Amino acid sequence: IARVMQISQAIALALLLVFGALLWRNIADFRNADALVDHTHEVQEEIDRVRASVLLGGLALRNYAISPRPEFLERVARTSGASRDATERLQELVQDNPSQAARAREVHSETTEILGWYGSSSVIAQRDGAAALQASLAARVNIDARSNRNPSTRMSRTQCRMLSRIIERT
């Protein structure tokens, strides 16, 4: 009887250890999944920062064309810096995943192109004034209206028409 008791206790202990190890593994899996979800949220937040800062820069540039005040050009410079920082942070966040890293490079490239255009438009505005910027924007509106580029990187047709009307009035 003592031998049976020892064997049953040993089996119970072995089962307890096995279940404990399985539970520990499940906890580790949940922690890993939680870390992946947190990482995904970080990436999504950085993408939102890129989008928002690029859109705010474009909005500031359009605001300057409508109402030439220096704070709008300052906002273009500030949001351009925020956009660059966000695209660099995005690339850092996804560098361990080749397909996401390639997409982040595309986002960086597109953002750099847009920021370059914002920068040159800002220089035109500072150097030559609002009228020269409006003429430059009118040309850009026509290009964007005919373009088949990604809708997230161009003005909507309605915005283009509205901006064209404003520019025509001035």
Side-chain angles (χ1 to χ4, degrees), residues 31-170:
R31 285 184 180 155
N32 288 338
D34 190 43
L36 288 174
V37 167
D38 288 343
H39 178 73
T40 299
H41 287 185
E42 279 184 84
V43 169
Q44 289 173 338
E45 287 171 10
E46 215 55 48
I47 290 169
D48 289 343
R49 278 190 195 96
V50 170
R51 286 180 179 160
S53 61
V54 168
L55 289 173
L56 287 173
L59 187 60
L61 196 58
R62 292 175 196 159
N63 286 344
Y64 184 85
I66 294 167
S67 174
R69 296 195 322 242
E71 63 264 18
F72 292 132
L73 294 180
E74 292 167 6
R75 191 174 303 151
V76 171
R78 194 170 48 252
T79 58
S80 292
S83 296
R84 275 187 216 92
D85 293 344
T87 58
E88 289 170 5
R89 172 101 170 101
L90 179 62
Q91 286 181 307
E92 289 171 10
L93 286 171
V94 298
Q95 67 186 349
D96 60 337
N97 184 321
S99 66
Q100 287 183 357
R103 289 184 189 128
R105 281 191 299 277
E106 288 176 24
V107 167
H108 180 73
S109 175
E110 289 267 335
T111 302
T112 300
E113 179 184 343
I114 292 167
L115 296 181
W117 182 76
Y118 288 175
S120 63
S121 296
S122 184
V123 167
I124 289 169
Q126 289 172 347
R127 186 187 63 205
D128 302 329
L133 175 64
Q134 290 169 347
S136 171
L137 287 177
R140 181 65 188 208
V141 166
N142 291 334
I143 291 168
D144 283 345
R146 291 186 307 256
S147 173
N148 287 326
R149 294 180 64 190
N150 184 342
S152 66
T153 61
R154 70 172 193 262
M155 291 186 278
S156 73
R157 292 184 193 279
T158 304
Q159 289 172 317
C160 291
R161 282 193 302 273
M162 289 172 53
L163 189 55
S164 292
R165 287 182 197 134
I166 291 168
I167 290 169
E168 288 170 3
R169 284 187 219 144
T170 57

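Sequence positions, counted from 1, serve as the residue numbers for this chain. As the structure is a prediction and not an experimental result, all values here were calculated from the model.
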Scanning both residues in full, the closest heavy-atom pair of Leu133 with Leu61 reads CD2-O, 4.0 Å
query = Does any N or O in the side chain of Thr79 come within less than 3.5 Å of the main-chain N or O of Val76, such that one atom is a donor and the other an acceptor?
reply = yes
Checklist entry - Is there a side-chain contact between Gln126 and Ser122 (heavy atoms, below 4.5 Å)? => result yes
CZ (Arg75) and CG (Leu59) are apart, to the nearest 0.5 Å, by 7.5 Å
Looking only at heavy atoms, the pair that brings Ala86 and Val50 closest together is CB-CG2, 3.4 Å
Val54 and Tyr118 have their tightest heavy-atom pair at O-OH, 3.0 Å
Looking at Leu36, is its backbone amide N or carbonyl O close enough to the side chain of Thr40 to form a donor-acceptor pair, meaning the two atoms are under 3.5 Å apart? yes
Nearest heavy-atom approach of Leu90 to Ala104 is CG-CB, 4.2 Å
Closest heavy-atom pair, Ser53 versus Ser83, reported as atoms and distance to 0.1 Å, is OG-OG, 2.6 Å
Determine, for Glu46 against Arg49, whether the closest basic-nitrogen to carboxylate-oxygen distance falls under 4.0 angstrom.
-> yes
Here the gap from His108 atom NE2 to Arg84 atom CZ, rounded to the nearest 0.5 Å, amounts to 9.0 Å
Rounded to the nearest 0.5 Å, the CD atom of Glu92 sits from the CD atom of Glu42 at a distance of 11.0 Å
OG1 of Thr111 to CD of Glu88, rounded to nearest 0.5 Å, is 11.0 Å
For His39 and Leu93 the tightest heavy-atom approach is CE1-O, 2.8 Å
- prompt: Are Val94 and Val43 close enough, and set up right, to give a side chain to side chain contact (heavy atoms under 4.5 Å, CB included), and what steps lead you there?
  reply: CA-CA 8 Å; Val94 298; Val43 169; 3.8 Å; yes
**Prompt:** Counting N and O atoms only, with roles assigned by atom type, does the side chain of Ser120 sit under 3.5 Å from a partner on the main chain of Gly116, one being a donor and the other an acceptor?
**Reply:** yes
query = So, the side chain of Ser136 versus the backbone of Ala132: is there a donor-acceptor pair under 3.5 Å, distance only?
reply = no
